[in-house]
Amino acid sequence: MQARMVAMEEGKDQTSAIRTSISRTLPLRLLLFCLLFAVLAIGLSIICMYSLRFFIFQQTVAPSTFRPWFEEVHTIERWIRPPTNLWHSINDNELLWRASFVPKIKQYPFLRVPKIAFMFLTKGPLPLAPLWDRFFKGNERHCSIYVHALPSYISGYPQSSAFHRRQIPSQMVEWGKMSMCEAERRLLANALLDISNEWFILLSESCIPLYNFSVIYHYISRSNHSFMESYDDPGPYGRGRYDSRMEPEVTLGQWRKGSQWFEVNRMLAINIIEDNKYYPKFKEFCQPACYVDEHYFTTMLTIQVPHLLANRTLTWTDWSRGGAHPATFGKDDMTEAFFQKIFEGQACLYNGQPTSLCFLFARKFAPNALDPLLELAPKVFGF
C-alpha cells in the first residue's frame, strides 16, 4: 500500500513537471509568433506608405504627357471614330505618315456615310462664318469642317457654330511659296484621319457657296472626276515659269497650271499627302515668280491620274480686272442681278455630258458683304 502511494506521488510529480514545461513553452512560441506578425505588419505599412507617396507624386507632380487621339476602346469604334479634338502635338512627318494609312479591303465592315471635308485655308477669322453656318445646318452627318489659320490666331467661334473647335495645328504660310502647299497638305492629312471623309474641298475665308448643301453634295458625290483645274499655258505665266532642273521628274511637256482651289476624292488626297517624288523638285525650283500653289498638285496629278481629273475648278473667280489677285466684291455688289450673271453663261462637261451648272462656290467676297448675302441666301442660293 505504501509502495502504491509512493508510485502515485511520483506520477503526480512527473505530470506536474510536464505541465510546467508546456506552460513555459507556449508563451515563448506565442511571443515569437506575435513578434513575427509585428515585423510583417511594420514592413507592409512601410511599403504601403511609399507606394501611396509615389502614386500621389505621379498624379500631382509628373502627369503623363501622352494624350491619345482615341480612347482605348477594344471595338471597331477605335478605328472609325474621328478625333474629337483636332488639336494635337504630332509634327507634319508623323501626321502625313498616319494619314496615309489605306485599308486594303474595300468593303467596309460598318455602315459608312461618305462625307465632304470642307477645308478652309485662312489668315485668321472667317468673316462669312454665319453664312456657312446656315449652309451646314442640318447636314452635320454628311460633312466635316477643318480650318488652317495662322499659328497666332485663336478662334472664338460659339459652340453653336460649325467652326467651333475645328482649327487644326498650323504653320506660317507665305503667299506663292511652298508653305502654302504644305498648309493644304496639312489640311488634307487632318481630314483623312476621319475614315468617312470621301471628298475634300479647299476653300478660303472669302469663299461662299452658290447652292444649298443638297445640290453640292449630290453634284460632288455623283461625279466620276475630281475637280482639279489643269491646263497647258504656253505663255510667260505658264511654261515661262518652268525650270529645266525639274527633269526628269517633270518635263516641260508635263508642266501644268491651274486654280489653287480644288476638290479631290480620297484616293487623290492620299496621292497628294504621300508624295515625296515631286515635292522636293517643286520646293527647290518653283519659287516666286513661279507660284507653286498654281502648279504643284495639278502637274503631279496630271502625270499620275489624268483620266480622273475634270480639268476645271468648282470655284468661280473674276480675273477680268487684271493683276496678281482676282476681284473682290463688297456689299454694294450684292444683288440678284450680280449672281444671275454668275449662273448664266456657264458651259462645261459633267461626267462627259454638257451642263450649265459648272461652279458650286465663288470668291472673293469682302466681310461687309455678309449682311446682304444673308438676306439674298434663301432666294438666290436656296438656304
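Quick note: numbers below take in every heavy atom, side chains included, and nothing from hydrogens, waters or symmetry partners.
Met119 CE to Glu184 CD: the interatomic distance, rounded to the nearest 0.5 Å, is 8.0 Å. Taking SG from Cys207 and CG from Leu202, the interatomic distance works out to 8.0 Å, rounded to the nearest 0.5 Å. Here the straight-line distance linking atom CD1 of Ile116 with atom CG of Asn265 works out to 12.0 Å at 0.5 Å rounding. With rounding to the nearest 0.5 Å, the separation of CE in Met300 from CG in Asn271 is 6.0 Å. With rounding to the nearest 0.5 Å, the separation of CD in Glu336 from CG in Leu376 is 6.0 Å. Remark: Gln304 CD to Leu309 CG distance equals 10.0 Å, nearest 0.5 Å.
Side-chain contact between Lys331 and Asp371 is absent, with no heavy atoms from C-beta onward closer than 4.5 Å. When side chains are defined from C-beta on, Tyr291 counts as touching Trp175, because their heavy atoms get closer than 4.5 Å. Between Arg166 and Tyr146 there is a side-chain heavy-atom pair separated by less than 4.5 Å. Residues Pro127 and Leu370 fail the side-chain proximity criterion, which asks for heavy atoms closer than 4.5 Å. Proximity of Thr313 to Phe361: side-chain heavy atoms (C-beta onward) are nowhere separated by under 4.5 Å. Taking the side chain as every heavy atom from C-beta outward, Arg185 and Asp92 never approach each other to under 4.5 Å. Between Asn351 and Ser223, the closest side-chain pair of non-hydrogen atoms falls below 4.5 Å. For the pair Phe329/Asp318, a side-chain contact is recorded, criterion being any heavy-atom separation below 4.5 Å from C-beta on.
Shown here is Lys177, whose NZ atom has no more than 12 heavy atoms of other residues, nucleotides or ligands within 6.0 Å. More than 12 heavy-atom neighbours from other residues, nucleotides or ligands sit within 6.0 angstrom of OH on Tyr153. Within 6.0 Å of atom NE2 in His218, 12 or fewer heavy atoms from other residues, nucleotides or ligands are found, so the atom counts as exposed in its surroundings.
Ring orientation note: the planes of Tyr108 and Phe110 are nearly perpendicular, at an angle over 60° on the 30°/60° scale. Ring pair Phe118/Phe135 is perpendicular by interplanar angle, where above 60° counts as perpendicular and below 30° as parallel.
Placement of Phe297 and Leu203 in two distinct hydrophobic clusters is found when ILVMFWY residues are connected by side-chain heavy-atom separations under 4.5 Å, directly or transitively. Linking Ile, Leu, Val, Met, Phe, Trp and Tyr whenever their side-chain heavy atoms come within less than 4.5 Å leaves Leu360 and Leu268 in two separate clusters. When hydrophobic clusters are built by joining Ile, Leu, Val, Met, Phe, Trp and Tyr residues whose side-chain heavy atoms come closer than 4.5 Å, directly or via intermediates, Leu374 is grouped together with Leu128. Transitive grouping of hydrophobic side chains (ILVMFWY, heavy atoms separated by less than 4.5 Å) keeps Leu121 and Trp199 in distinct clusters. No path of Ile, Leu, Val, Met, Phe, Trp and Tyr side chains, each step under 4.5 Å between heavy atoms, connects Val147 with Ile168, placing them in separate hydrophobic clusters.
Checking Asp275 against Tyr296 by side-chain atom types alone, a donor-acceptor pair falls below 3.5 Å. For the 3.5 Å distance criterion, the side chains of Tyr242 and Gln254 fail to qualify, holding no donor opposite an acceptor.
The backbone N or O of Ala191 sits less than 3.5 Å from a side-chain atom of Asn197, completing a donor-acceptor pair. With hydrogens and angles disregarded, a donor-acceptor distance shorter than 3.5 Å links the side chain of Ser170 to the backbone of Ala149. Counting only distance, with no hydrogens or angles, the side chain of Gln167 and the backbone of Arg165 share no donor-acceptor pair below 3.5 Å. Between the side chain of Glu94 and the main chain of Asn91, a donor-acceptor pair closer than 3.5 Å is present. A donor-acceptor pair is defined here as one N or O able to donate and one able to accept, closer than 3.5 Å; such a pair exists between the side chain of Ser259 and the backbone of Trp261. Gln287 places a side-chain N or O within 3.5 Å of a backbone atom of Lys283 that can act as its donor or acceptor partner. Not one N or O on the side chain of Lys364 forms a donor-acceptor pair closer than 3.5 Å with the backbone of Pro326. Counting only distance, with no hydrogens or angles, the side chain of His295 and the backbone of Arg256 share a donor-acceptor pair below 3.5 Å. In terms of modelled atom types and a separation under 3.5 Å, the side chain of Tyr217 and the main chain of Cys143 share no donor-acceptor contact.
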Stepwise side-chain contact (heavy atoms from CB on, under 4.5 Å) check, Glu182 with Tyr279: CA-CA 10 Å; Glu182 290 169 346; Tyr279 173 85; 2.4 Å; yes
Working for side-chain contact (heavy atoms from CB on, under 4.5 Å), residues Val250 and Lys281: CA-CA 8 Å; Val250 180; Lys281 291 286 187 175; 5.6 Å; no
side-chain contact (heavy atoms from CB on, under 4.5 Å) between His148 and Arg186, intermediate numbers included: CA-CA 8 Å; His148 186 294; Arg186 202 172 292 122; 2.8 Å; yes
Intermediate values then yes/no, side-chain contact (heavy atoms from CB on, under 4.5 Å), Leu301 and Ile272: CA-CA 8 Å; Leu301 293 181; Ile272 291 172; 4.1 Å; yes
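Under the disulfide (SG to SG under 2.5 Å) criterion, the residue pairs touching residues 228-294 are Cys286-Cys290, with sequence neighbours excluded. Under the salt bridge (charged side-chain N to carboxylate O under 4.0 Å, His left out) criterion, the residue pairs touching residues 192-202 are Arg112-Glu198, Lys115-Asp194, with sequence neighbours excluded.
The ring pair (Phe, Tyr, Trp, His ring centres under 6.0 Å) test with Phe381 singles out one residue from Phe343, Tyr211, Phe339, and that residue is Phe339.
Pairing each heavy atom of Val173 with each of Ala183, the nearest pair is CG2-CB, 3.7 Å. When all heavy atoms are compared, the tightest approach of Ala269 to Leu188 is CB-CD2, 3.9 Å. Of all heavy-atom pairs between Cys358 and Leu314, the closest is O-CD2, 3.7 Å. Nearest heavy atoms, Arg312 versus Cys348: CZ-SG, 3.5 Å. Considering every non-hydrogen atom in both Ser230 and Thr298, the closest pair reads CB-OG1, 3.0 Å. Closest heavy-atom contact between Glu174 and Ser179: N-OG, 2.8 Å.
Under the rule for a side-chain hydrogen bond (donor to acceptor under 3.5 Å, both in side chains), Glu229 has no partner lying at least two apart in sequence or in another chain. Residues passing the side-chain hydrogen bond (donor to acceptor under 3.5 Å, both in side chains) test with Gln159, sequence neighbours excluded: none.
A salt bridge links Glu294 to Arg241: at least one charged side-chain nitrogen sits closer than 4.0 Å to a carboxylate oxygen.
Cluster partners of Phe101 are Trp97, counting Ile, Leu, Val, Met, Phe, Trp and Tyr whose side-chain heavy atoms approach within less than 4.5 Å, directly or via other members. Through ILVMFWY side-chain contacts below 4.5 Å, Trp319 is grouped with nothing and stands alone.
With ring centers used as reference points, Phe120 lies under 6.0 Å from Trp132. Remark: aromatic rings of Trp255 and Phe282 are close, center separation under 6.0 Å.
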